[in-house]
Amino acid sequence: MSALLQVRALSKLFPAGGGRRLRAVDGVSLELEAGETLALVGESGSGKSTVARCLVRLVEPSGGEVTLDGQSILSLPPKALARQYRRIQMVFQDPNASLNPRMRVREVLEEPLRLHLDLAPPARADRACELIERVGLGVVHLDRYPHELSGGQRQRVGIARAIAVSPDIVILDEPTSSLDVSVRGQILDLLLDLQQRLGLAYLFISHDLQVVRHVADRVAVMYLGVIVEQGPTERVFAEPRHPYTRALLSATPMARWGIARTRLRLVGEITSPIDPPDACRLVGRCPLAQPSCAARRPELIDLGDRHAVACPIATQSPHPGAPLRAANERIPTC
Amino acid sequence: MRAAAVSDALLEIENYSGAFRNEDGGLVPVLHQVSYRLKTGKITAVVGETGSGKSLTALSVLGIQPPTFVRSSGRILFRSVDLLTLDARGLRAIRGSEISMVFQDARAALNPVFTVGRQLADVHRLHHGGSQRAAMKRAVEALSRVSIPEPERRARQYPHEYSGGMAQRAMIAMAALICQPSLLILDEPTTGLDVTIQSDIMELIVELTRSRGLTTCLITHDLGVVAETCDEVVVMNAGRVVETGSAEAIFTRPADPYTQRLLSASQMLEAA
């Protein structure tokens, strides 16, 4: 069975001046099945948002293939492409920036209905009422402007707009990172509820590992344009194998008393994505590095149960993480 | 000495209240009888969500609250002196040299047209005098102390050549090492930084506080950061202090319903 959305060797290069190229996304492959949530996690500069933007064609990918239900969609002519894109919608990080300040909520919600579904005005009005209630707001909010809404309410409008045309896939680009924690929980609950009711598949882009653990079925960890580890959420959180995943998990603070954590430290800060050498991207920062790491780029190694890690050193060790952990070390797993 | 001198608090905010004046002259109350103490040598977190008044209170300590803010009552005692009674000159003598502050966006806080080293050196000369050359030497030492690699080269660079984490290190170097204050206030110092960088910055803050005997106030919305690094916690909501206590007490037996909600909203995801 083929997945709903399949991405093969996706790449995006930006010109960086002087003939150099910035490899924002460098050979990313992933699959998304109907109704599931795949989280794409990574720090700034990892390319996770660029992947999302390539998928909805806000930026044009440089290479690779994207198929929706087995049909390649990167090469489609514009008309047919637009039809396919009804099925993939996006919710953006900052609802202040992604909602037109001069459009009332009603217009925001009706626009995709007009463009994609060609609904008549009365049908659009009915659908707008239905949508606004589905995301936990009321009909009174339809006549408001974005600035008259709170951050959480604005994000609800962003979500209503995304589900307006009944997509199969919603790409959520950091949907909660501009919100306070109490509102964050409400928005996540709404997203989970909508997923169950509408059978949506989510590609959830986030740097917030706690949120990811709460919502995702599977996780893919990105670093400098490549996926370094991928697997079922609980497996990746309980037994992270790639040194970068482990550094990231062990740096995440816990809002609990008495949690001791020993960090796996990487040296320095993220390196440049401009014309990187054909080697492991973590070379120079990794505590496990061997000479062979600089010689060629490691492929993802399948560990079974859909868990794959792009590090031959970490996968060789008999016990997960054994060579790095001291006896008293605890990686936060809660 | 007077009784106040034996107090274990370096800074005491007492019943601080105030309002914003809006366009038609009306007053919108935003701070309600805010009181908390920063114990000497401790790291105190002031936590709360957007609009809780946590930053506004801290800005008032340095007299840099927005001009539309009108105080209605309260005192802010620093070493038993009410900062709110000081004139501009008195405040200038305190700012930087006694109390210094680090802001959220370090790259915006630095001046884009001067090198980072020059800015640190200028602040050093302002507070301690001496030659430009000696000040630059101190600037490089300070950058080195906050683990900025190649400090001599980095000192000659401009803020846009720094990453966010690096710029925040430079700001901490300026606020804690060049200024040599007794009280360091950090307003969301790691918000917007990646988690790995955030951890490094928090470790630096804790280390500097302990090694230099600073009293530190960390303003944040992130309870995760607080649990690991802070001694005392002040919880604010809608312009009021709702609970204060040791970090252990706040995390293990929160008494106020708002604190409980905030904590469970922060933990809900971890418990899943």
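Numbered from 1 within each chain, the chains take letters A, B, ... in sequence-line order. Note that the structure is predicted; figures quoted are calculated from it, not measured.
- Of the atoms belonging to Glu49(B), heavy atoms from both backbone and side chain fall under 4.5 Å from chain A.
- Contacts of residues 140-149 of chain B with chain A at a heavy-atom distance below 4.5 Å are absent; not one residue qualifies.
- Under a 4.0 Å N-O distance rule, the pair Glu228(B)/Arg256(A) does not qualify as a salt bridge.
- The main-chain N or O of Ala255(A) is found under 3.5 Å from a side-chain atom of Gln267(B) such that the two form a donor-acceptor pair.
- Both the backbone and the side chain of Met166(B) come within contact range of chain A, each with at least one heavy atom under 4.5 Å from a heavy atom of that chain.
- Of all heavy-atom pairs between Ser182(A) and Ala265(B), the closest is CA-CB, 4.0 Å.
- Residues that satisfy the salt bridge (Lys or Arg N to Asp or Glu O under 4.0 Å) test with Asp26(A), not counting sequence neighbours, are Arg23(A), Arg281(A), Arg297(A).
- Taking every heavy atom of both residues into account, Val225(B) and Pro253(A) meet most closely at N-CB, 3.9 Å.
- Atom CH2 of Trp257(A) is separated from atom CG of Leu263(B) by 12.0 Å, given to the nearest 0.5 angstrom.
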Checklist entry - Would Arg263(A) and Ser199(B) count as a side chain to side chain contact (heavy atoms under 4.5 Å, CB included) if you check the C-alpha gap in whole Å, the side-chain angles of each, and the deciding distance to 0.1 Å? => result CA-CA 9 Å; Arg263(A) 290 182 54 201; Ser199(B) 278; 3.1 Å; yes
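- Interatomic distance, Thr196(B) OG1 to Leu249(A) CG, rounded to the nearest 0.5 Å: 11.5 Å.
- Within the 4.5 angstrom heavy-atom criterion, no atom of Val226(B) approaches chain A.
- Put simply, OG on Ser266(B) and CE on Met254(A) are 12.0 Å apart, with the number rounded to the nearest 0.5 Å.
- At least one donor-acceptor pair under 3.5 Å links the side chain of Asp194(B) to the backbone N or O of Ser44(A).
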Item to check | Working for side chain to side chain contact (heavy atoms under 4.5 Å, CB included), residues His221(B) and Val181(A) | outcome: CA-CA 8 Å; His221(B) 67 279; Val181(A) 280; 5.6 Å; no
